[in-house]
Amino acid sequence: MTFQAPKGTFDWMPPRSELALSVREQMSAPLRLAGYRYVETPAFEDTALFARGVGESTDIVSKEMYTFEDKGGRSITLRPEGTAAVVRAVLQHGLHHGPLPVKVWYSGSFYRYERAQKGRYRHFSQVGAEALGVEDPALDAEMIQLAAEAFASLGLTGVELLLNSLGCAACRPAYRSALQDFLRGLDLDDATRARVEINPLRVLDDKRPEVRAQLAEAPLVSDHLCEACKGYHEEVRSLLRTAGVAFTDDPRLVRGLDYYTRTTFEYVYEGIGAQTAVGGGGRYDGLSEMIGGPPLPGVGWALGVDRTVLALETEGLVEANTPRAGVEVYAVPLGDEARRVLFDLVLELRGAGVSADLAFGGKGVKGAMKGADRSGAAYALILGERDIAAGAAQVKHLASGEQTAVPLAEIVTMFKEKLVK
RNA sequence: GUGGGUGUAGCUCAGUUGGCAGAGCGCCAGGUUGUGGUCCUGGAUGUCGUGGGUUCAAGUCCCAUCACUCACCCCA
């Protein structure tokens, strides 16, 4: 073993890789049904995009970014999250001048320089969705429902939805300073004291018991919302209730990124290590302006593919969500002439929509049959000198061991009828 | 960045008081020269993470180091 995957990363290998791919598909299926369009942006961006979009005060920007200088002297950063890049792309291509809301989704890899542990890696995968240009509680509710639907379609029952509102430019500042006043009176370590000054909301998220204990009397955002925010949030909650989306109000739910306003939510799951969030998102009405764009409200989420796979594993849902892999027909040639005939026949079968493979490598019959067995194929298609002379191949049903001779000219139609729906 | 745990065959792991490097599974071959699975027989595979130290002798004890892993901080 000379090389291994870089520290903090891992490979998706079969069959887990196929489960992960299927998870991505099932996460995006509800989005496509709701009119969201697929977008793809580069894996890296101008560092300033994240510094301004995600927020200088966040840990992501201050210590978790993969930043480097390219040969042209530009500062480049591997994307630590998706929203800032998607908003950048929407603005760059003027999609916000078209019909609103702009609804897009993405699926890809993200990078954060952190110490790895279960459910947290330096390279990770998310499926995300963003809806831009409209401030409508129904859009927030749709967004939240779509992710809930995605988790439900995977069969997960342990996903809990937490909901909160962080207020807006009108009411947040007052709350922020009220919270700071409270926090400054607590007994906290230096790093946390610094956080109180730059990003006090995140202190509410601290999981250390000695900090938690002091937060019991902390002022809550929900008590400081302006009338507009209160009404907006009530409407989101009411729409969710009507839609049958179960949620729990969590007035302490804040998120790690600076750009969130109003609706904030997180999908949490117990039992995938110390991490609990399998997805999260919210409204970010100020983001566009932070990165130099026009006022453009937005709401979105990102779901963690890796963590969702872990959740599926803890709920025993792996098999149910792993698509059948492998081929249906496995061709076993006996001799060079048979190999040539079967090579063509296998291509014909694939052309007709029947998955087929051939025993490569000139193994003996025994080895080739073993290959047929291990491939998981339903049928072995055996051809030797005697069969060529007779103009028929042996078709063996591997589960039952039943074997019949089928004329070569009828092989493709026979399998097509049997296997193609 | 900080702390705990673990490194032995492809995989999962045993290895006693320091005394010849092991098992199961997998892999390969044969039993069966045109037939897989089950069964039987045989076979191959090791820098015991790495480097140093103690010792007649180290997988085992000591030191260092690296990797993996879990957790803290933080996050999807």
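What you are looking at is a predicted structure, and each value in this text was computed from that prediction instead of being measured. We name chains A, B, ... by the order of the sequence lines, and we start the count at 1 in each one.
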| request: Could you measure between the two P atoms, the one in C63(B) and the one in A44(B), and give it in whole Å? | output: 39 Å
Here the gap from Y330(A) atom OH to L342(A) atom CG, rounded to the nearest 0.5 Å, amounts to 11.5 Å
What's the gap between U69(B) and G49(B) when it is taken at their C1' atoms, as a whole Å value?
14 Å
Query raised in the report: What distance, rounded to whole Å, do you find between the two C1' atoms, one in G18(B) and one in G1(B)?
Result: 39 Å
Original post:
What integer number of Å spans the P atoms of U55(B) and A14(B)?
Top reply: 31 Å
(message) I'd like to know if K366(A) reaches the base of U35(B) with its side chain such that a donor and an acceptor end up less than 3.5 angstrom apart.
(response) no
5'-most contact on RNA chain B (nearest-nucleotide basis), R386(A) vs A399(A), goes to R386(A)
Atom NZ of K396(A) and atom C1' of G34(B) are separated, to the nearest Å, by 10 Å
For residues 333-355 of chain A, the salt bridge (Lys or Arg N to Asp or Glu O under 4.0 Å) pairs (sequence neighbours left out) are E337(A)-R340(A)
### Query
NA contact type, G279(A), heavy-atom cut-off 4.0 Å: base, sugar-phosphate, or nothing?
sugar-phosphate
ask   = If the P atom of U38(B) is compared with that of C28(B), how far apart are they to the nearest Å?
value = 13 Å
| query | With a non-hydrogen cut-off below 4.0 angstrom, is G401(A) in contact with a base, only sugar-phosphate, or nothing? | reply | base
Within less than 4.0 Å of OP1 or OP2 of A71(B), is there a side-chain N or O belonging to Q117(A)? yes
Need one value for L398(A): base, sugar-phosphate or nothing, where a base atom within 4.0 Å counts as base even if backbone is also close, heavy atoms only.
base
Need one value for A372(A): base, sugar-phosphate or nothing, where a base atom within 4.0 Å counts as base even if backbone is also close, heavy atoms only. nothing
Notebook entry, point to check: Are the side chain of D306(A) and the backbone N or O of F124(A) linked by a donor-acceptor pair below 3.5 Å?
Noted result: no
Between the base of G37(B) and the side chain of K370(A), is there a donor and acceptor pair under 3.5 angstrom? no
Requested in this report: Answer with base, sugar-phosphate or nothing: what part of the nucleic acid does Q275(A) contact at a heavy-atom distance below 4.0 Å?
Outcome: base
Using the P atom as the reference point in each nucleotide, state the distance between G5(B) and A9(B) in Å, no decimals.
-> 22 Å
Within 6.0 angstrom of F10(A) CZ, more than 12 heavy atoms from elsewhere
yes
### Message
Quiz question: going by heavy-atom distance under 3.5 Å, is there a donor-acceptor pair between the base of U35(B) and the side chain of Q394(A)?
### Response
no
Base G36(B) paired with D373(A) side chain (donor-acceptor, <3.5 Å): yes
- Task: Using the C1' atoms only, state how far C74(B) lies from U60(B), rounded to an integer number of Å.
- Result: 40 Å
Could you tell me whether Y121(A) contacts a base, only the sugar-phosphate backbone, or nothing, with contacts defined as non-hydrogen atoms closer than 4.0 Å? base
Listed range with range, the stems formed with RNA chain B by at least 3 consecutive Watson-Crick or G-U pairs (under 3.5 Å) are B:1-7 with B:66-72, B:10-13 with B:22-25, B:27-31 with B:39-43, B:49-53 with B:61-65
Inset, instruction - Would you indicate whether the side-chain heavy atoms of P80(A) and F50(A) approach each other to under 4.5 Å? - result: yes
Q. For G26(B), does OP1 or OP2 lie under 4.0 Å from any side-chain N or O of R374(A)?
A. no
**Message:** Can you check the distance between A21(B) and G59(B), where both ends of the measurement are the P atom (answer in whole Å)?
**Reply:** 8 Å
Using a heavy-atom cut-off of under 4.0 Å over every strand shown, decide if E266(A) touches base, sugar-phosphate, or nothing.
nothing
Would you tabulate the pairs of protein nitrogen or oxygen atoms and nucleotide nitrogen or oxygen atoms of nucleotides 7-11 of chain B closer than 3.5 angstrom?
none

